[in-house]
Amino acid sequence: MARPLYEPSPPPEEDWGDETSVWPVKRVVDEYIDAFGVKKYEIKWDDWSRPDGTNTTWETALIGNEEVIADWKARQAERRRRLAQHDIYVPVGHIPGQLFHEARTVENSRAYEERLRESRRRNVRGLYEGWDNIKRLGSDDDDNENEHDDDDDDDYDDAELGRRQDNVSDEGQDDDGDVHMAPADSTDEDPNDLRRSSSPEDRSRPPPLDRGGPRSQFHPTVARNTLRRLPVSSSSDDSEGTAPANAYSSRPTRASRNHTPASSSTAVSRSTPTTSRPTKPLPKRAARTVLQGEWQKAALEVGAAPISIVNDVNDEEIPPLPGGFRYCERKYVRAPDVPQSAEAMNLLVMCDCDDLCMNAQICQCQDPSDLFNDFEEREFAYDTQGRFKFNVPSGVDVIECNKSCVCPRLCPNRVAQLPRDVPLEIFRTTDRGWGVRSTVSIPAGKVIGIYTGELIRRDEADIRVEHRSYIFDLDMHEGPNHDIDESQRFSVDSYAVGNWSRFLNHSCEPNLKVYPVVWDTIPEANQPYLAFAATQAVGARTEFTIDYNPDAASRYKKGKIVAGG
Ligand SMILES: C[S@@+](CC[C@H](N)C(=O)[O-])C[C@H]1O[C@@H](n2cnc3c(N)ncnc32)[C@H](O)[C@@H]1O
């Protein structure tokens, strides 16, 4: 009877001589960690082969062959170093079909650690630890690749590097050398993944236990969801700070101020000169896709993590937004009468810490800082991992290192100024409109990002009554005795320009705290950014909240006043 097509063919015969035979090991060509955490090495034998020509087997112990293992480890280390130097793309997340215990093997062979180190060396922001939790999309798509290949390891290293070379260009790196993130759902095929190891168990011809079987193969996957290079964008850090033609090319008129929030279907009509404006209202489903696409693009262009819009509560497709709303991730959009102060820029103090800034006593950019510890010594607002220490008293701005400082961009005193690396969801709550949450869990002290919007004078803010819920006063953290000239008080209005933070809802027991921070101006200019730090560990998909009026709450606690409303 004919064998069914799916029946595996028997493994080739193996002749290992008698018990006393000694077989010299040529070298290790691969390694694998099984479900019990036991490391197995794929051995290429010197003087033995099967009838079909294959000559590797999987072994757990190589007693007496420590040199062979040491040689393998050295070659692996060199290979990872070369890969990391070549490019710093770090594939993260779980690959469909990959068993969890295999992740270590894959990471070991992919220059995972080395690439992180290399990216830090190149002053590119380190990956947020939670990236590993992001679901990896796509699937392996070429079984034919999963055939035996007995080429030397080094050959495919070179071939891999060759393919990478073809793919590597300057695209996606901005002037500062920033590398941008790719959207989680990017499905472009990634040549870097072509050599992903499959486990011995994956193979069509399973080897006998610890004996025989073809060497690990790598096969293509369509998955790719993290650091990659994107085409050079005409937008730069600064371009984020220019007003959109349709919304803020001139000072808003009273008529424009009086518009009411657009309905769901028209709220996506914001456009930049390069975005085509829909001529008629989009179907609801398309509205979310379009809006989310615009926000993703805006975030990715400045190197920030993805942002998505979800509603599991009702059929409202997108948050209500004014027509012409513009997503602006990292910068204020300055009103025409609030230009950047050249004087403030000139007064910036730079440090010459040529390594990471670890000691606030000797980091010169901390000289003007009012942040002291209990011993009256200057201290940083962040720990060595860049987490906020909540040690900043009311009225004190955190001073981060600035672009004139000598320290690298990964200095622990540069945190709020870096692109947001927490992937976020704008989601529909049941009873307070739309809110914000992360798709990954967040440790206490993690800085999520900054409030953005239109930077306006206080008197203008007072006029924009209907924007009130979206206006943050920049001196809200100054003590009551702080003497600021009225003309030097500023506010940020995120009604028509803003980012994810405009969706932060209020709680009397918030999990985010707001603090003022500067890096492109001095505290005396009264134009700090407002950053949000997690006061506690926040689980994935737990809503982020802030206290809209923390000073009132603290005064209430002291029994001096009763917080209103
Ligand atoms: C800055 S917006 C926050 C985003 C808002 N939920 C939305 O959908 O656009 C502030 C507004 O959200 C609503 N909001 C915020 N916190 C709330 C809470 N704890 N309970 C009810 N509504 C809340 C109020 O309508 C408030 O004016």
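Reckoned from all heavy atoms, side chains included, excluding hydrogens, waters and symmetry mates.
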Determine, for Arg457 against Asp337, whether the closest basic-nitrogen to carboxylate-oxygen distance falls under 4.0 angstrom. yes
Pair Trp72-Glu31, side chain to side chain contact (heavy atoms under 4.5 Å, CB included): steps then yes or no: CA-CA 9 Å; Trp72 159 250; Glu31 71 176 42; 2.9 Å; yes
Note, Pro516 side chain near Val398 side chain (heavy atom, < 4.5 Å): no
Taking the basic N atoms (NZ, or NE/NH1/NH2) and the acidic carboxylate oxygens, is any pair closer than 4.0 Å for Asp493 and Arg464? yes
Is the shortest side-chain heavy-atom distance between Pro393 and Leu371 below 4.5 Å? yes
Side-chain contact, heavy-atom cut-off 4.5 Å: Cys363 with Phe380? yes
State whether a side-chain donor-acceptor pair under 3.5 Å links Tyr382 with Glu400. yes
Validation row: Leu474, Val492 side chains within 4.5 angstrom (heavy atoms): yes
Is there a donor-acceptor pair under 3.5 Å between the side chain of His506 and the backbone N or O of Asp547? no
Write down the atom of Arg334, the atom of Pro339, and the distance for their closest heavy-atom approach. NH1-O, 3.2 Å
What's the separation between atom OG1 in Thr439 and atom CD1 in Ile307, rounded to the nearest 0.5 Å? 10.5 Å
Just how far is it from atom SG of Cys357 to atom CD of Gln366, taken to the nearest 0.5 Å? 8.0 Å
Is Thr452 reaching over with its side chain to a backbone N or O of Cys328, donor-acceptor style, under 3.5 angstrom? yes
Heavy atoms of Leu512 and Leu504 approach each other most closely as CD1-CD2, 3.9 Å
Between Arg489 and Asp462, does any NZ, NE, NH1 or NH2 come within less than 4.0 Å of an OD or OE carboxylate oxygen? no
Taking every non-hydrogen atom, the tightest pair across Pro319 and Leu291: CD-CD2, 4.2 Å
Flag side-chain contact, heavy atom, 4.5 Å: Ile399 against Trp519: no
Sub-3.5 Å donor-acceptor pair from the side chain of Asn499 to the main-chain atoms of Gly449, do we have one? no
Once salt bridge (charged side-chain N to carboxylate O under 4.0 Å, His left out) is applied, do any residues pair with Arg378, and if so which ones, sequence neighbours excluded? none
Any donor-acceptor N/O pair, Ser494 side chain to Tyr470 backbone, under 3.5 Å: yes
Once you round to the nearest 0.5 Å, how far does NZ of Lys446 lie from CD1 of Ile442? 6.5 Å
Is the ring centre of Phe388 less than 6.0 Å from the ring centre of Phe390? yes
Closest non-hydrogen contact found for Asp397 with Pro528 is OD2-CB, 3.7 Å
Please confirm whether the ring centroid of Tyr332 lies under 6.0 Å from the ring centroid of Tyr451. no
Would a distance-only check, ignoring hydrogens and angles, find a side-chain to backbone donor-acceptor pair under 3.5 Å from Asn402 to Val349? yes
May I ask you to decide whether Glu425 forms a salt bridge with Arg541, counting only side-chain N to carboxylate O separations under 4.0 Å? yes
Is any side-chain heavy atom of Phe532 closer than 4.5 Å to a side-chain heavy atom of Ile546? yes
Can we say Arg458 and Asp475 salt-bridge, meaning some charged N sits less than 4.0 Å from an Asp/Glu carboxylate O? yes
Decide if the gap between the ring center of Trp500 and the ring center of Phe544 is smaller than 6.0 angstrom. no
Between Tyr548 and Asn505, does the side chain to side chain contact (heavy atoms under 4.5 Å, CB included) criterion hold? Intermediate values first, please. CA-CA 8 Å; Tyr548 282 1; Asn505 285 318; 4.2 Å; yes
With a 3.5 Å cut-off and no angle check, do the side chains of Asn511 and Thr535 form a donor-acceptor pair? no
Nearest-0.5 Å distance, CH2 of residue Trp434 to CD1 of residue Ile426: 9.0 Å
Hey, is CD on Glu343 packed in by over 12 heavy atoms from elsewhere, all under 6.0 Å? no
Kindly compute the distance separating SG (Cys353) from CG (Asn359), expressed to the nearest 0.5 Å. 8.5 Å
Does the side chain of Glu379 come within less than 4.5 Å of Lys389's, by heavy atoms? yes
Would one find more than 12 heavy atoms of other residues, nucleotides or ligands at under 6.0 Å from atom CG of Asp374? no
Within residues 502-511 or reaching into it, pairs that qualify as salt bridge (charged side-chain N to carboxylate O under 4.0 Å, His left out) - sequence neighbours excluded: none
Of all heavy-atom pairs between Cys365 and Cys401, which one has the smallest distance, and what is that distance? SG-SG, 3.5 Å
I want to check something: taking the side chain as every heavy atom from C-beta on, are Asp520 and Tyr529 in contact at a cut-off of under 4.5 Å? yes
CA sep, side-chain torsions, deciding dist, call: Gln527, Val338, side chain to side chain contact (heavy atoms under 4.5 Å, CB included): CA-CA 10 Å; Gln527 295 173 2; Val338 190; 3.5 Å; yes
SB check Glu543 Arg437 (cutoff 4.0 Å): no
If only atom types and distance count, is the side chain of Ser341 paired as donor or acceptor with the main-chain N or O of Ala344 below 3.5 Å? yes
Nearest-0.5 Å distance, CD of residue Gln296 to OH of residue Tyr327: 9.0 Å
Salt bridge present between Arg326 and Glu294 (N-O < 4.0 angstrom): no
Residues Pro423 and Arg420: closest non-hydrogen pair is CA-NH1, 4.2 Å
